[in-house]
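Structure, as structure tokens:
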Amino acid sequence: MKLYLSLLLAVCINSLTAQSIIQINDTLTAHRYEFSALAKWHNKILLVPQNRRNVIDSIYLIDSSEIEQSLQKNNIAAHTTFVIKNLRHAGPRKDSLYINNILLEKYDGFEASVVKNDTIFFSFEADTAFCYLVKGIIDERTKSINMLRDTLHIPNTYPIDNAGYESLALLPGKDSLIAFFECNKDVETARAFMFGTDLKGAPKPVEWQRPLYFRITDIYALNDSELIGINRLFTSKAYPYERDDYIQCENLSTVEKQLTNGGTIDTCFNQLVKLKITNNKISWQPLAFISLGDADNYEGIAPFKDGVLIVVDGEPGNNPCKLVYMQLK
């Protein structure tokens, strides 16, 4: 049976987003999928569920032509399902994971993904003690992803509970991956890490030229030195803790200067940012305002046509998942 996903069209005009919604009836919009990443494989877009509290050992693929038809004609975008093999969940809270016979303890879910040819890389998040990179092979014939034994531990940066490397990009000319920790609030502590696609050897740290407040939730590379990512502030009266963890000990007047389009330190905020790596230093600039909505927890990004696709994961608050197109040219 084919699966369908609601596709939301958003066009960025003068830093504001005009949105057109395609309404369809599909269970994949349920918040339990908690999509945490998007990736691109040949002509397909991959949607990756977080995959712990709700064990969903699959990813979902949309052909680019289906998305194009949805944007042009407001019709259904069909999905196919690829099963993730060689995983086994363990523990009463599903907080341990076997990849083949390798045990990763205190596992907390998939957070980032990127594809090189038919090899797919994932970032697994856990507590503040560790984050792992793993990889698998995409098999189109069997509609599966076969996880390999290759794993790489990435050093922790900030001691923030339930924080890890939410962003992963491929630098094709260098045959390297780069992983970004979700918090990068100062230049003394914040680091991204670069490493070979063989997942061998120690990661190489990359420093920030100036702080980027709030979370980086996903990213992709334009080339070996330029990237586009999602910058997200989430807060609410009932749950200010995430915001406070990410700006603890920082000057609030300095932090608020990063907010635009009516955002304040007490509201949610989403923007796209463009990163540039020069002489092993990361600089950034705002690219496009997305939303102030508390339900718009954008967790994944991938290039598409003259813009980007971004996905809302449905958490917190049991919100429906949705996929958004933003035109940038």
Side-chain angles (χ1 to χ4, degrees), residues 1-12 17-41 43-84 94 108-113 122 125 143 145 166 215 217-218 220 230 232 234 236 239 268 270 272 290-305 307-327:
M1 179 181 294
K2 287 186 176 180
L3 298 173
Y4 305 96
L5 180 68
S6 174
L7 187 65
L8 177 69
L9 171 63
V11 180
C12 182
T17 50
Q19 299 180 347
S20 175
I21 301 174
I22 300 170
Q23 298 286 353
I24 53 177
N25 182 16
D26 177 26
T27 57
L28 271 190
T29 60
H31 73 274
R32 72 184 185 90
Y33 286 94
E34 201 172 349
F35 291 114
S36 60
L38 293 180
K40 192 169 185 178
W41 175 56
N43 64 335
K44 294 177 172 56
I45 300 297
L46 282 59
L47 290 83
V48 181
Q50 189 175 27
N51 197 47
R52 187 180 76 80
R53 288 181 303 171
N54 302 291
V55 174
I56 304 167
D57 287 330
S58 298
I59 64 170
Y60 303 94
L61 287 75
I62 321 170
D63 193 278
S64 294
S65 63
E66 293 282 342
I67 297 175
E68 182 68 30
Q69 286 295 309
S70 291
L71 293 172
Q72 291 182 358
K73 300 182 179 180
N74 197 31
N75 59 3
I76 289 171
H79 289 69
T80 55
T81 303
F82 277 41
V83 176
I84 304 175
K94 305 170 189 170
D108 199 47
F110 291 61
E111 286 296 343
S113 182
F122 297 105
E125 181 182 289
K143 291 184 170 55
I145 295 173
E166 290 209 3
R215 295 165 62 206
T217 61
D218 202 14
Y220 74 90
I230 304 169
R232 163 75 170 164
F234 172 77
S236 70
Y239 193 83
C268 296
N270 292 278
L272 297 183
I290 303 175
S291 168
L292 298 174
D294 59 0
D296 290 339
N297 189 16
Y298 287 95
E299 287 273 344
I301 189 169
F304 188 79
K305 294 188 64 181
V308 296
L309 293 168
I310 50 180
V311 68
V312 167
D313 76 347
E315 293 287 352
N318 298 342
N319 297 299
C321 299
K322 61 182 178 181
L323 190 66
V324 174
Y325 172 66
M326 289 189 65
Q327 184 174 324

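- Side-chain atoms of Tyr60 and Lys44, non-hydrogen and from C-beta on, never get closer than 4.5 Å to each other.
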(request) Show the numbers, then the answer: is there a side chain to side chain contact (heavy atoms under 4.5 Å, CB included) between Leu272 and Ile301? (result) CA-CA 10 Å; Leu272 297 183; Ile301 189 169; 3.8 Å; yes
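- Closest approach of Ile45 and Pro303 over heavy atoms only: CD1-O, 4.2 Å.
- When atom types are taken as modelled, the side chain of Asn297 and the backbone of Glu315 share a donor-acceptor pair closer than 3.5 angstrom.
- Under a 3.5 Å cut-off, the side chain of Asn51 and the backbone N or O of Gly109 do not form any donor-acceptor pair.
- One distance of note links CG of Leu47 with OG of Ser113; it measures 10.5 Å at 0.5 Å rounding.
- Side-chain contact between Phe110 and Pro49: absent, with no pair of heavy atoms (C-beta onward) separated by less than 4.5 Å.
- Residues Phe35 and Val311 share a closest heavy-atom pair of CB-CG2, 4.0 Å.
- Taking both residues in full, the closest heavy atoms of Tyr239 and Ser236 are given as N-OG, 2.9 Å, listed atom of the first, atom of the second, then distance.
- To the nearest 0.5 Å, the span separating CD1 on Ile59 from NZ on Lys143 amounts to 12.5 Å.
- Under the 4.5 Å side-chain criterion, counting only non-hydrogen atoms from C-beta, Ile62 is not in contact with Leu309.
- In summary, Glu68 and Lys305 engage in a salt bridge, as defined by a charged side-chain N under 4.0 Å from a carboxylate O.
- Counting all heavy atoms, side chain and backbone alike, Cys321 lies closest to Asp313 at SG-O, 3.3 Å.
- At distances below 3.5 Å, not a single donor-acceptor pair connects side-chain atoms of Asp294 with backbone N or O atoms of Cys268.
- By the 4.5 Å heavy-atom criterion applied to side chains, Asn270 and Ser291 are counted as neighbours.
- Taking the side chain as every heavy atom from C-beta outward, Glu299 and Gln50 never approach each other to under 4.5 Å.
- Taking CG of Leu61 as the start and OG1 of Thr80 as the end, the distance is 4.5 Å to the nearest 0.5 Å.
- The closest donor-acceptor contact from the side chain of Thr29 to the backbone of Pro320 lies at 3.5 Å or more, if one exists at all.
- Ala37 approaches Glu111 most closely through the heavy-atom pair CB-O, 4.0 Å.
- A donor-acceptor contact shorter than 3.5 Å links the side chain of Asn319 to the backbone of Pro316.
- Of the possible polar contacts, one joining the Arg232 side chain to the Asp296 backbone as a donor-acceptor pair under 3.5 Å is found.
- Inter-residue side-chain proximity for Val48 and Leu38 is flagged as unmet; no heavy-atom pair is nearer than 4.5 Å.
- Side chain of Glu66 to main chain of Ala78: a donor-acceptor pair is present (N/O by atom type, distance under 3.5 Å, no hydrogens or angles).
- The side-chain heavy atoms of Leu46 and Phe82, taken from C-beta on, include no pair separated by under 4.5 Å.
- Between the CG atom in Asn318 and the CZ atom in Arg32 there is a gap of 12.5 Å [rounded to 0.5 Å].
- Summarising the geometry, atom OH belonging to Tyr298 is positioned 6.5 Å from atom CD1 belonging to Ile290; distances are rounded to the nearest 0.5 Å.
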